[in-house]
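Down below is the structure, laid out as structure tokens.
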There are 2 protein chains.
Amino acid sequence: MTGSSPAGPGHRPTIKDVAALAGVSKGAVSMAFNGRPGVSEATRARVLAAAGALGWEPSLSARALSGSRTDTVGLAIARPARMLGLEPFYMEFISGIESVLAERGGALLLRLVKDADEEIGVQRAWWRSRQVSGSVLVDFRKDDPRASELAGLGLPAVAVGHPSLTGGLPSAWTDDAAAVGEAVRYLAALGHRRIARVGGAAELGHTAIRAAAFEAAAHELGLEQWSSIDTDFSGTQGARATRTLLASPHRPTAVLYDNDLTAVAGLSVAAEMGLSVPRDISLLAWDDSQLCRLTRPELSAMSHDVFGFGAEVARRLLTVLDGGQPEAGPVATPVLTPRGSTAPPRH
Amino acid sequence: MTGSSPAGPGHRPTIKDVAALAGVSKGAVSMAFNGRPGVSEATRARVLAAAGALGWEPSLSARALSGSRTDTVGLAIARPARMLGLEPFYMEFISGIESVLAERGGALLLRLVKDADEEIGVQRAWWRSRQVSGSVLVDFRKDDPRASELAGLGLPAVAVGHPSLTGGLPSAWTDDAAAVGEAVRYLAALGHRRIARVGGAAELGHTAIRAAAFEAAAHELGLEQWSSIDTDFSGTQGARATRTLLASPHRPTAVLYDNDLTAVAGLSVAAEMGLSVPRDISLLAWDDSQLCRLTRPELSAMSHDVFGFGAEVARRLLTVLDGGQPEAGPVATPVLTPRGSTAPPRH
DNA sequence: AACACCACCTGTATCGGTTCAGTAAATACG
DNA sequence: CGTATTTACTGAACCGATACAGGTGGTGTT
């Protein structure tokens, strides 16, 4: 049991114990341990040795209480559990946030809520009870109440979403409009003239942005026909939307999906209907995850460094916590990754 | 801006402000707010009104410091981010834990680490710095160092895994051996005599348990042939393992997978090789998630209330934190959910 | 009227850190 | 050699809550 505390289980040492062992005052221990000037190198070494021997680390609560920063960051996600699990997006995103927080000794407080109102309650409670020093806000809707509520509280936050949605909060976003444009131009360049889109949840701000960008691109390229169907991002609804599209009399020759789950479901539906991908129909996914490479053919996708995105969000939040003004501007634009599910339409 | 604090942003009220506004002492506010006896109902009402008016909630740090419990629970997961995102398991599991913690005002501290050693470091730091009052440990390996290390620290924890793996820690687990037995008996009852298994990560304790149970069941039923191939749970390795199995001269007629991702990949491989599921080959998944219903045919699976499992784990941990002895015994046994990917073998 | 008793509340110590005004000793300077 | 400056440290105040001994006033009892 190499790591068992010398003091024995059950009793965690405090700064007082360390001070006693090192033969100095509490204040000296604090200075020594935090690398502050005011103690000799000899003393610092003795203190560190004593701390090591006792297995002491400063209590975060006590630190927080006496005014120091703690960098505990809150994230509340408002989507049903069952769907969250399937969206590879969030785990990678969280993982990216953490990678940055961990460097600074920070921590991520995670909470799954059912809607924006519950989230406001949670964030408010976190802030008031000083559990978090800042938060990351995701999934912005039109006229989202969170921005003004939380700004009113004074909660430092970074919003994930286009600035047009995030009501003045510092934000981080991917340039979805540009990516939709690229996707549509790619399909058009392959020769597609009838392109449909299976969108995400209609309430989400970025769904509207993508929808608008899709319209604009279709218009600009003079496509023969286009349409969007919104879903809740689930496989079930992705399948249903695809069925509707493919069963229509003048069916599209290409479909652009808003996430990978609906695209995978769409692929199954195409197979079920006896259509060959990409010969009869091209499919293009979004939020490229490993899921896109599990299917036959593999799904072409607009891919996206979600981990890096999370990391950048965390960096911007830390800047805010440091009292700075975070860099403004999109984090990245998803890039086209062609695989086997897209090809020129059969004449 | 209905919720903006009357005190204005930037200044969070403390118990002193509330006491002043209500015209009582700090002690009285504490008693009143926490529903303790010692204050008249009239005073309690005044205090609550004052707290509401100022938007005050007690600082968790201060509370923790003065001895009260906090119920912040730690969870460190040691798997690569890219795979975590794909395993629907974790998000649902986390969600289940949270649902229970939230009721008691608790919180979940999440950390993604790279291996057991890093996890030990994280848990130790969490415990020593009093950031968590207990932890959930997952993914036990053979001779896992965590049990003894963390028990040595005195960290209250609940281990997710069979007691044979978790070294005396209070634990919660699903009866995988029984479920594997059921799966094999089901396939045998359909008439399969050559059954293979695509397992998870070999280092994980439950993989060994399932492998042993698979052997035992195959033996007991007098199967003609059986074998296991281990993977890292990823789609890529699931595909490779399936390819190996299906390309063998005397190929199995049924394959049992250890998670849904490898099963989905296996399904693609079968299609790629021109084999029809379930006519030529039956596939049976594990950890049934929505993913299993996205494919054609839909995947039969050993399904599993992961959310409920997480909730039970949290309940047992809270029992430990309350100083009690949590219920021992498996939480549940995965149950067979037949869908379109299993059928009697072609003669 | 004297006393006990209770309900209600105040004041203070305490938790484990950080911070900072002092102080004492060591070094630099004229 | 006496005085200024620096260095190294101590001691106490403080952060925001909880806990508890003690004080105050009102009611009940004899």
Side-chain angles (χ1 to χ4, degrees), chain A residues 7 11-48 50-51 54-72 105 125-133, chain B residues 7 11-48 50-51 54-72 105 125-133:
Chain A
H11 177 249
R12 279 177 285 180
T14 73
I15 198 172
K16 234 200 296 203
D17 303 316
V18 177
L21 181 59
V24 294
S25 70
K26 293 196 308 172
V29 172
S30 179
M31 291 166 163
F33 195 84
N34 296 312
R36 247 174 265 284
V39 283
S40 68
E41 280 313 312
T43 305
R44 190 185 305 278
R46 272 200 349 272
V47 166
L48 292 178
L54 294 176
W56 174 77
E57 292 197 32
S59 152
L60 261 228
S61 301
R63 264 200 176 155
L65 195 53
S66 52
S68 313
R69 280 253 319 271
T70 39
D71 288 342
T72 298
W126 272 347
W127 175 241
R128 288 182 172 172
S129 64
R130 294 165 162 77
Q131 277 194 94
V132 302
S133 38
Chain B
H11 176 249
R12 279 177 287 180
T14 73
I15 197 172
K16 230 198 309 205
D17 303 316
V18 177
L21 181 59
V24 293
S25 70
K26 294 195 307 171
V29 173
S30 180
M31 292 166 164
F33 196 82
N34 296 311
R36 248 174 266 285
V39 283
S40 67
E41 280 314 312
T43 306
R44 190 185 305 278
R46 270 201 351 272
V47 167
L48 292 177
L54 294 177
W56 174 76
E57 292 197 33
S59 153
L60 262 228
S61 301
R63 263 201 177 155
L65 196 53
S66 52
S68 314
R69 280 250 320 271
T70 38
D71 289 342
T72 297
W126 274 347
W127 176 240
R128 288 182 172 172
S129 64
R130 295 165 161 77
Q131 278 195 92
V132 302
S133 38

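We name chains A, B, ... by the order of the sequence lines, and we start the count at 1 in each one.
Mapping A/Arg46 and B/Ser30 onto DNA chain D by nearest heavy atom places A/Arg46 at the nucleotide closer to the 5' end. Between B/Gly27 and A/Met31, the residue whose closest nucleotide on DNA chain C is further toward the 5' end is B/Gly27.
For the pair B/Glu41 CD and C/dA7 C1', the interatomic distance rounds to 13 Å; values are reported in whole Å. The separation between B/Lys26 atom NZ and C/dT12 atom C1' is 9 Å, rounded to whole Å. If you measure from atom CZ of B/Phe33 to atom C1' of D/dT18, you get 14 Å, rounded to the nearest angstrom. Distance A/Lys16 NZ to C/dG16 C1': 9 Å, rounded to the nearest Å. Put simply, CD1 on B/Ile15 is 5 Å from P on D/dA17, counting in whole angstrom units. Atom CG in A/Asn34 sits roughly 9 Å away from atom C1' in C/dG17 (whole-Å rounding). Separating the CZ atom of A/Arg36 from the P atom of C/dG17 is a distance of 15 Å, rounded to the nearest angstrom. Put simply, CG on B/Leu65 is 17 Å from P on D/dC14, counting in whole angstrom units.
Nucleic acid contact for B/Val24: sugar-phosphate only, since backbone atoms but no base atoms lie under 4.0 Å from a heavy atom of the residue. B/Ser25 comes within 4.0 angstrom of a base, heavy atoms only. Note on B/Gly67: nothing from the nucleic acid sits closer than 4.0 angstrom, heavy atoms only. Among the protein residues, B/Glu57 comes within range of the sugar-phosphate backbone only, with heavy atoms under 4.0 Å from sugar or phosphate atoms but none that close to a base.
Using modelled atom types, one side-chain atom of B/Ser133 and one backbone atom of B/Asp71 make a donor-acceptor pair closer than 3.5 Å. No side-chain donor-acceptor contact under 3.5 Å links A/Arg128 to the backbone of B/Pro13. Without hydrogens or angle criteria, A/Arg44 side chain to A/Phe33 main chain gives no donor-acceptor distance under 3.5 Å.
Contact check, A/Ser66 against C/dG16: no side-chain N or O comes under 4.0 Å of OP1 or OP2. Checking the phosphate oxygens (OP1, OP2) of C/dG16, no side-chain nitrogen or oxygen of A/Ser59 falls inside 4.0 Å. For the OP1/OP2 pair of C/dC9 and a distance below 4.0 Å, the side-chain nitrogens and oxygens of B/Thr43 include at least one atom meeting the criterion. For the OP1/OP2 pair of C/dG17 and a distance below 4.0 Å, the side-chain nitrogens and oxygens of A/Trp56 include at least one atom meeting the criterion. Contact annotation: B/Arg63 side-chain N/O to D/dG16 OP1/OP2 distance is not under 4.0 Å.
B/Leu54 places a side-chain heavy atom less than 4.5 Å from the side chain of B/Leu21. In this structure, the side chains of B/Thr14 and A/Arg130 come closer than 4.5 Å at one or more pairs of heavy atoms.
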